[in-house]
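The next block holds one structure in the form of structure tokens; read it before the comments.
This chain uses plain numbering: 1 for the first residue, then up along the sequence. Both counts, for ligands and for their atoms, begin at 1 and track the order of listing.
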Amino acid sequence: MLTGFEAFSGLDENPSELVVRHIGDMSFERFEVRTAVLPVEFISARKRIISLVNDKNWTPEVVLCMGVSPSRNWISIERIAVNIMDSIKGDNAGFSPSEIPVTKGTPLARKSSLPVKKIADAINASGTPAKVSNTAGTYVCNTVMYAALGACVRRNIPCGFIHLPSTETIDVKMMVDSILVALQTI
Ligand code: PCA
């Protein structure tokens with residue numbers, strides 16, 4: 001399962017949505033891809049990712065969520081999600097939480113269950129810059145990563161998050177290729 005996000009905060013489009021739509025239209029011999037584009041809203045994005053992962057009619061082999069981080073000029077393979085929602089900038093519903101837990105009474109952090117270093121190495125080897133990142137921030141992407149990891153751990157599904165740069169830095173075609181490299185590596 002691949003997810004991206006809708007546009008937010010002055011962006012005309014979100015590269016993660018473009019990549020998800022692109023890959024969702026492709027067909028593969030070895031696997032089926034299901035996709036979703038999540039709202040940039042703390043509360044509803046968290047609910048949505050949990051219900052996608054908990055769909056009893058199918059068990060994804062891997063859950064890879066994506067978003068954009070326009071300040072980074074490379075692909076970031078996220079290692080850690082924290083149990084904190086904090087943002088001065090409101091989400092698309094106008095909510096700006098201040099140090100609120102994503103899920104009360106659960107651990108402070110959760111670690112990606114994907115081979116983050118191998119993914120970064122493989123994307124770099126394919127010619128696109130990629131790095132392991134130790135923070136997905138405290139905005140909606142981090143919330144989705146944290147919630148997805150919690151739901152996936154219960155179902156034993158490998159799960160992680162990748163932040164894409166803006167399309168001015170790396171074009172969508174290269175991003176699509178990089179995500180396919182990530183999936184192959186996984
Ligand atoms: N990036 C934001 C939220 C949605 C997205 O694509 C983030 O990094 O939290």
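Taking every heavy atom of Y139 and a limit of under 4.0 angstrom, the matching atoms of ligand 1 come to 2 (C), 3 (C), 7 (C), 9 (O). Annotation for ligand 1: atoms under 4.0 Å from non-hydrogen atoms of G67 are 6 (O). Which parts of ligand 1 touch C141 is read off a 4.0 Å heavy-atom cut-off, strictly below it: atoms 1 (N), 2 (C), 3 (C), 4 (C), 5 (C), 6 (O), 7 (C), 8 (O), 9 (O). Within the listing of ligand 1, atoms 9 (O) sit less than 4.0 angstrom from a heavy atom of V140.
In summary, D177 and K173 engage in a salt bridge, as defined by a charged side-chain N under 4.0 Å from a carboxylate O. The existence of a salt bridge linking E78 and R72 is confirmed by a sub-4.0 Å separation between a basic side-chain nitrogen and an acidic carboxylate oxygen.
For the atom pair I23 CD1 and L180 CG, the distance stands at 4.5 Å (nearest 0.5 Å).
The shortest N or O to N or O distance between N14 and ligand 1 is below 3.5 Å. Considering backbone and side-chain N/O of V68, one or more are found under 3.5 Å from N/O of ligand 1. Of the polar atoms of H163, at least one N or O is found under 3.5 Å from an N or O of ligand 1, judged by distance alone.
Side-chain contact between N142 and V140 is absent, with no heavy-atom pair separated by less than 4.5 Å.
The aromatic rings of Y139 and F8 sit tilted, their planes meeting at an angle between 30° and 60°.
With E13 contributing its side chain and L18 its backbone, the two residues share no donor-acceptor pair below 3.5 Å.
The closest approach between any non-hydrogen atom of E6 and ligand 1 is not below 4.0 Å.
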